[in-house]
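Quick caveat: nothing in here was measured; it's all calculated off a predicted structure. Order of the sequence lines sets the chain letters (A, B, ...), proteins ahead of strands, with each chain counted from 1.
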Amino acid sequence: MKKAQIQIQETIIVIFIFIIILGVGLVLFYKFNESSIRQIEDDDRLVYFYNMIGTFPSMPEVKCSSLGDEKECIDVSKLIAFKNKGEFFKSNITIYTVYPERPNIECTIQKLNSGQDCGTFPVFSNIPKTFINKRVIFTPVSLYYPDRDTYELGKLVIEVYS
Amino acid sequence: MQYNWAFVIIAGAVILAFFVSFTVKYIDIQNKKDSAMVASEIYNSLFALQKSSYQTETPIDLFLRTDLSFSCDKLEVGNFFSEALEKEFVFAPRSLFTDKIQVFMKSWKYPFKIANLFYLTSSEKKYYIIFDASSAEFVNSLEFPKNFNIIKTTTKPNLNDPNSRIISFTSQNADVKITPGENGYATINNKQYPVLGLPLVYGAIFSSDYPCILDRLLAKFSNMIDIYSAKVDYMSALNNNCDYSQLKRTLSLLNERIKSKDYVSINEYSRTLEEQNNNLLNSECQPLY
């Protein structure tokens, strides 16, 4: 084989390897950017839940009102009716009565009617079978019992899964 | 010598093609990324506003000037990224090209609160409101946000501008013709749609997709009635001194009328519900809402 032919073959191999390295770089770059877009979506979802800690008690589905005027509390009767009616992605939303202290038993109309003590209001549950992260966000809320016209202190707990 | 030239041309073309495809992909990804950030910015701003109980006017400043396409339950940013608006009720033009969105928010109560409604526009959009002597009082009672380009006129402008929308409160036809009143309706493309309360009058003015958003709102109205029906059950079970049976019946009839799209009856039952709710307080009972 002539020396010139060997040189050309060497050059072809060098260019071939160069292109492969560039190709791998391109794929990695593409994947990195795709994941950064997914990251924006994930962050977006997390911001949604951080905002939801403020917006959930303001939802007309659960918020107290009197003759159309909104009040800063959660109406327990509406809360019971709203159970699993909303759609909140992969999360678990529950309200616990904090004061006065009550047992961790789900409140239903039947239980309240029979005078049974209860203090838990499950709102929504969609816990994935597998998840990487679980974040818990909570805030105090005022719970209003319209039948007794009394207020209790509660804790809204949102568990976000990703 | 010829072989060398062929080699240089082929190798050069391959490397050039690589860089071209890299650039195209980079631009595509960057556009997608920017669009995702804009969509996220808009969505989170609207979602944060949901907690407001009051009528609100606020701008959303975007970090880039871009194309926004609004449909009934979706926002598309620059054809690269779309964000679902399934829980929000956004009345907006079909398309906006802007870096600053003007937002106006109002609660829809009929008679109880059903949802917060968002009205979106930009400074490029103009709304011509045509009125006559019979509708002047109603048009003057409408409260438009300061940053919305509203031009009230008695003569129909001769325009062919995609950034202008003509709303008629007279007998003249326009993009939307609104007949206000107790059983008011909006005429869009020769079809009539009800305007249940003032917030929906604004909805018909600012939205290019009013019929679809109206359907979604009625579905939400129906869901809210289910919640209030359950509250009636709760109150009836736990508070025996008060009679909630009339309210329960009205709620049930109202829900039936919503499902059958009997808009005149919806208005009537809504007023009956309000009356019955006020009567509860007169009988020293807890009102329903």
Which region of [X], side chain (C-beta onward) or backbone (N, CA, C, O), has a non-hydrogen atom less than 4.5 Å from a non-hydrogen atom of chain A, or is it both or neither?
{"X": "B:Leu281", "result": "side chain"}
{"X": "B:Pro111", "result": "neither"}
{"X": "B:Leu280", "result": "neither"}

Residues at least two apart in sequence or cross-chain that pass ring pair (Phe, Tyr, Trp, His ring centres under 6.0 Å) with B:Phe104, listed by chain then number, are B:Tyr119, B:Tyr202
Answer yes or no: does atom [atom1] of [X] have more than 12 heavy-atom neighbours from other residues, nucleotides or ligands under 6.0 Å?
{"X": "B:Glu57", "atom1": "CD", "value": "yes"}
{"X": "A:Phe131", "atom1": "CZ", "value": "yes"}
{"X": "A:Phe32", "atom1": "CZ", "value": "no"}
{"X": "A:Ile132", "atom1": "CD1", "value": "no"}

Taking [options] one by one, which has the highest count of heavy-atom pairs under 4.5 Å against chain B?
{"options": "A:Gly86, A:Pro57, A:Pro60, A:Gly25", "answer": "A:Pro60"}
{"options": "A:Phe29, A:Phe16, A:Phe18", "answer": "A:Phe29"}
{"options": "A:Ile80, A:Ile109, A:Leu22", "answer": "A:Leu22"}

Could you tell me which portion of [X] (side chain, backbone, both or neither) has an atom closer than 4.5 angstrom to a non-hydrogen atom of chain B?
{"X": "A:Met59", "result": "neither"}
{"X": "A:Ile12", "result": "both"}
{"X": "A:Phe56", "result": "neither"}

Between chain A and chain B, which donor-acceptor atom pairs come closer than 3.5 Å, counting both backbone and side-chain atoms?
from	atom 1	to	atom 2	distance (Å)
B:Ser40	OG	A:Asp44	OD1	3.1
B:Asn44	ND2	A:Asp44	OD1	2.9
B:Lys51	O	A:Ser58	OG	3.4
B:Ser53	OG	A:Lys63	NZ	3.1
B:Ser53	OG	A:Glu70	OE1	3.3
B:Lys87	NZ	A:Tyr48	OH	2.8
B:Lys87	NZ	A:Glu87	O	2.2
B:Lys109	NZ	A:Gly68	O	2.9
B:Lys113	NZ	A:Glu70	OE2	3.3
B:Lys220	NZ	A:Glu61	OE2	3.3
B:Tyr228	OH	A:Lys78	NZ	2.9
B:Lys231	NZ	A:Asp75	OD2	2.6
B:Tyr234	OH	A:Asp147	OD1	2.7
B:Gln286	OE1	A:Tyr144	OH	3.0
B:Gln286	NE2	A:Tyr144	OH	3.2
B:Tyr289	O	A:Leu67	N	2.7

Heavy-atom pairs under 4.5 Å with chain A are the metric here; pick the option from B:Phe112, B:Phe18, B:Phe22 that has the most.
B:Phe18
All side-chain contact (heavy atoms from CB on, under 4.5 Å) counterparts of B:Ala11, not counting sequence neighbours
A:Ile15
Among residues at least two apart in sequence or on other chains, which ones pass side-chain contact (heavy atoms from CB on, under 4.5 Å) with A:Ile21?
A:Ile17
If I take atom CG from residue B:Leu288 and atom CG from residue A:Leu67, how far apart are they, to the nearest 0.5 angstrom?
10.5 Å
